[in-house]
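As the structure lists them, so they are numbered: ligands from 1, and atoms in each ligand from 1.
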Amino acid sequence: MKLSLVVPCYNEEENVELFFNEVVKSFKKVKFKYEIIFINDGSKDKTIDKLKELSKTSKENIKVINFSRNFGKEAGMYAGLKEATGDYVSIIDADLQQKPSLVLEMLDILEKNLEYDSVAAYQEKRNDPFFKRIFSNLFYKLINKISDVEFVPGASDFRLLKRNMVNAILEMSEYYRFSKGIFSFVGFNTYYLPYVADKRARGESKWSFWGLFKYAIEGIVAFTTTPLRIATFLGIIISGISFIYLIILVTQTLLLGIDVPGYASTLSAVLLLGGIQLFALGIIGEYLGRTYVETKRRPIYIAKEVIDNKKKTK
Ligand code: UDP
Ligand code: MG
């Protein structure tokens with residue numbers, strides 16, 4: 001049996017060694033083989049030097065995938081899953097918010113309950129700021145209503161997957177990746193394990209509010225086409241209302257003569273309809289733009305080099 005740890009890293013120079021030491025400590029007594037796959041996602045600091053150093057000095061099997069630029073965590077995870085050779089693969093952050101020892105607990109669950117194909121860690125209680133919490137609740141309510149794929153609130157990318165599920169995820173080679181959706185889309189049985197995320201060891205989170213907002217839109221566009229119907233529904237409703245209003249106006253004109261003032265109502269109608277039309281166009285644009293990029297079949301990531309210290313250990 002072999003286990004692979006997939007660790008996306010972006011500007012984690014202060015964390016990678018701490019993380020590695022923590023893994024070695026937690027995995028000291030295990031009987032199986034394991035490999036650690038670090039993805040350097042175009043870090044602007046010295047992460048890559050630290051990783052190369054680790055891979056040179058360490059007795060453990062370390063692979064380093066060095067991206068040519070920052071492609072994002074989603075691309076990092078994909079690259080890691082692709083390089084992973086284990087029967088079990090775990091995705092884990094480099095900042096020690098997620099304890100490597102929990103991977104062993106996950107493994108235990110999978111080995112004891114054969115009906116499960118993966119374990120996903122989820123945060124029961126989150127210490128997010130007020131607005132972030134409200135926004136995230138809203139997002140989950142909305143996306144679960146309009147999408148066929150189930151999104152579990154608080155579920156993280158911190159997971160342990162069996163090989164068959166990893167292969168299924170690799171089959172999904174779309175450019176716009178939204179892993180929360182991909183994990184559900186592929187199906188299989190997932191065990192949800194509550195965990196408490198620790199504080200970041202060093203450095204700061206790369207997520208801004210705007211970043212999360214864009215990520216939410218990404219998820220909606222990637223996993224449901226319901227927004228495209230908004231234009232249809234709005235169109236039907238507005239046409240209906242307009243038709244009734246038209247009958248009222250014609251009757252009024254016929255009975256009472258021509259009523260000249262109407263500047264405010266005309267302008268409101270023009271502005272409102274203009275707004276709705278732009279909104280609908282925008283939605284179509286979101287989908288069309290992604291279709292355009294997907295048809296180019298661009299690579300999800302570009303690796304400058306892949307370093308593997310395996311030969312040293314075996
Ligand atoms: N990460 C990455 N590429 C990015 C942003 C983040 O590989 O463009 C990695 C980062 O190094 C970390 C993990 O993804 O290991 C989670 O990032 P972060 O801690 O910023 O997110 P949070 O824990 O706040 O959700
Ligand atoms: Mg983090």
Scanning both residues in full, the closest heavy-atom pair of L81 with V6 reads N-CG2, 4.0 Å

Taking the Mg ion (ligand 2) as the center, what protein N, O or S atoms are found at less than 2.8 Å?
-> D95 OD2, Q97 OE1

Main-chain N/O of E294 paired with R297 side-chain donor or acceptor, under 3.5 Å = no

Does K180 reach the main-chain N or O of S156 with its side chain, forming a donor-acceptor pair under 3.5 Å?
->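 No, K180 side chain to S156 backbone: no donor-acceptor pair under 3.5 Å.
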
Is the Lys NZ or Arg CZ of [X] less than 6.0 Å from the centre of [Y]'s six-membered ring, within 45° of the axis?
X: R159; Y: F183; result: yes
X: R298; Y: Y175; result: no
X: R69; Y: F67; result: no

Members other than L114 in its cluster, when Ile, Leu, Val, Met, Phe, Trp, Tyr link by side-chain heavy atoms under 4.5 Å?
-> none

Transitive ILVMFWY cluster of I283, excluding itself - 4.5 Å side-chain cut-off | F135, F209, W210, F213, I217, V221, L228, I230, L234, I238, L272, L273, I276, F279, I284, Y287

Contact check, side chains of Y301 and K82, non-hydrogen atoms, under 4.5 Å =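 The answer is yes, as the side chains (C-beta and beyond) meet within the 4.5 Å cut-off.
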
Taking only heavy atoms of the protein into account, state which residues are under 4.0 angstrom from an atom of ligand 1, in chain and number order.
->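 Residues within 4.0 Å of ligand 1: P8, C9, Y10, E12, D41, N70, G72, K73, D93, A94, D95, Q97, R200, S205, K206, W207.
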
